[in-house]
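A short write-up of the structure that comes next.
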Amino acid sequence: MPELPEVETIRRELDKEIIGRKIKSVEILGSRSVRRHESPSEPVARLQGKKIVQVRRLGKYLLFDLDTKDILVIHLGMSGQLLRAKGTKEPVAEHTHVIITLSQGGQLRFLDPRTFGEMFVSDPAENARRIPTQLAHLGFDPLSDQIGWIRFAAMLSSRKTQLKALLMDQEFVAGIGNIYSDEILFASGLRYDRLSNSLSPQEARRLHRSMIELLNDAIQMHGSSLADDAYKDIYGESGEFQGQHRVYNREGLPCPRCKRKIMRTKLAGRSTFYCAHCQL
DNA sequence: CAGATGCCCTGGGCGC
DNA sequence: TGCGCCCAGGGCATCT
């Protein structure tokens with residue numbers, strides 16, 4: 001579910017709420033969510049009593065840096081939520097898999113009905129960017145790694161891949177999923193199936209600019225929440241950017257630019273929305 | 001290498 | 001009401 005703007009919204013809220021606080025206890029209710037460990041007691045032991053120094057984001061992953069240099073990594077998958085509970089007595093919602101109790105009161109709860117999300121504690125990352133080895137495969141982050149358009153254009157031309165698939169390829173660029181790839185491509189006037197090595201420099205520049213602007217705009221509006229409300233921020237609030245979607249989930253509705261009908265197709269099994277007139 | 005498919009899951013919506 | 005489909009912000013393995 002959550003893509004870069006939703007994860008960044010959550011990261012900023014966590015920055016305000018939990019930086020400098022200590023993890024008092026960790027309760028694992030659903031072991032499917034805590035992966036990559038031999039036993040559930042191992043991550044618990046590495047978290048309890050540790051201080052959260054800062055919260056970073058790489059693509060769709062949240063990285064909690066601990067004072068031990070260990071890193072708590074959380075990915076929300078399709079239906080994961082991180083919710084702030086004011087006290088320990090708030091009723092525990094269904095599909096709550098992990099409860100992190102903080103020392104000055106309050107909890108952080110990880111919910112995930114579909115259990116595609118995951119959480120694990122990584123060893124200290126010794127590399128320059130302090131990226132856990134498990135995430136070494138991820139490509140650049142469109143917002144925190146400022147890649148200039150010239151370099152972006154070179155990356156595009158080194159591949160021969162349909163644009164939407166490339167935008168969604170986390171090894172190419174990290175953080176863009178099904179909603180924002182469609183919106184970025186509409187904003188840049190490019191079709192989902194254009195091959196990446198067919199773009200003119202001007203088109204590559206447009207795509208680069210649209211990607212950054214659209215993601216920033218979506219963050220300003222706290223991301224997108226769809227009809228099923230799978231995305232909520234840590235306070236349980238929905239985002240507002242869904243009202244700004246210009247093609248995603250708008251099949252048959254008029255294109256905001258030319259008023260012709262928005263088309264829907266499939267690409268790699270994912271619904272894809274575009275305007276056949278405005279996107280070339 | 002590029003692209004398509006199926007799987008991991010639960011839940012909501014819709015047609016019958 | 002109820003049942004059986006189809007669909008869903010992700011990611012990965014495995015085919016062609």
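Below, chain A is the first sequence line, B the second, and so on; all start at residue 1.
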Rounded to the Å, how far apart are [X] [atom1] and [N] [atom2]?
| X | N | atom1 | atom2 | value |
| --- | --- | --- | --- | --- |
| Leu135(A) | dC12(C) | CG | C1' | 15 Å |
| Phe120(A) | dG11(C) | CZ | C1' | 13 Å |
| Leu267(A) | dA2(B) | CG | C1' | 11 Å |
| Tyr231(A) | dT10(B) | OH | P | 25 Å |
| Glu251(A) | dC6(C) | CD | C1' | 14 Å |
| Asp169(A) | dA2(B) | CG | P | 9 Å |
| His97(A) | dT10(B) | NE2 | C1' | 10 Å |
| Leu4(A) | dG10(C) | CG | C1' | 14 Å |

- Query: Does the side-chain ring of Phe116(A) lie flat on the base of dG10(C), meaning centres under 5.5 Å and planes less than 30 degrees apart?
  - Reply: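 The base of dG10(C) is stacked with Phe116(A) (centres under 5.5 Å, planes under 30°).
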
OP1 or OP2 of [N] versus the side-chain N and O atoms of [X]: is any pair under 4.0 Å?
| X | N | result |
| --- | --- | --- |
| Gln170(A) | dG11(C) | yes |
| Arg270(A) | dC7(C) | no |
| His75(A) | dG10(C) | no |
| Lys60(A) | dG10(C) | yes |

Would you classify [X] as touching base, sugar-phosphate or nothing, given that sugar-phosphate means primed atoms plus P, OP1 and OP2, and contacts are heavy atoms under 4.0 Å?
| X | result |
| --- | --- |
| Lys266(A) | sugar-phosphate |
| Leu195(A) | sugar-phosphate |
| Glu118(A) | nothing |

Out of [options], which nucleotide sits closest to the side chain of [X]?
| X | options | answer |
| --- | --- | --- |
| His137(A) | dG11(B), dC12(C), dA8(C) | dC12(C) |
| Thr161(A) | dC12(C), dG3(B), dT10(B) | dG3(B) |
| Thr115(A) | dC9(B), dG10(C), dA8(C) | dC9(B) |
| Asn178(A) | dT10(B), dC7(C), dG10(C) | dG10(C) |
| Ser271(A) | dA4(B), dT10(B), dA8(C) | dA8(C) |
| Pro113(A) | dA2(B), dG11(B), dG10(C) | dG11(B) |

- Item | Trace of the side-chain hydrogen bond (donor to acceptor under 3.5 Å, both in side chains) decision for Tyr180(A) with Glu6(A) | CA-CA 11 Å; Tyr180(A) 293 104; Glu6(A) 291 78 34; 2.6 Å; yes

- On DNA chain B, check which nucleotide each of Ser158(A) and Ala268(A) is closest to and give me the residue with the more 5' one. Ser158(A)

- Which residue, Arg114(A) or Ala227(A), contacts DNA chain B at a nucleotide closer to its 5' end, judged by nearest heavy atom? Arg114(A)

- When rounded to the nearest Å, what value does the distance between P atoms of dC6(C) and dT5(B) take? 15 Å

- Item | dC7(B) to dC5(C) separation - P atoms, rounded to the nearest Å | 15 Å

- Message: Using only modelled atom types and a 3.5 angstrom limit, is any donor from either the side chain of Arg159(A) or the base of dA2(B) paired with an acceptor on the other?
- Response: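 Answer is no: no donor-acceptor pair is held.
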
- Below 4.5 Å, heavy atoms only, C-beta onward: do Phe241(A) and Asp217(A) meet side chain to side chain? yes

- Query: Leu72(A) and side-chain contact (heavy atoms from CB on, under 4.5 Å): which partner among Val26(A), Leu63(A), Ile100(A)?
  - Reply: Ile100(A)

Say whether [X] and [Y], considering side chains only, have a donor N or O and an acceptor N or O under 3.5 Å apart.
| X | Y | value |
| --- | --- | --- |
| Ser238(A) | Lys232(A) | yes |
| Tyr235(A) | Glu17(A) | yes |
| Arg109(A) | Thr96(A) | no |

- In the structure shown, which nucleotide is the Watson-Crick or G-U wobble counterpart of dC3(C), with both distances under 3.5 Å?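 For dC3(C), the partner nucleotide comes out as dG15(B), under the 3.5 Å rule.
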
- Item | salt bridge (charged side-chain N to carboxylate O under 4.0 Å, His left out) between Arg11(A) and Glu8(A), worked out | CA-CA 5 Å; Arg11(A) 191 202 66 76; Glu8(A) 177 61 19; 3.1 Å; yes

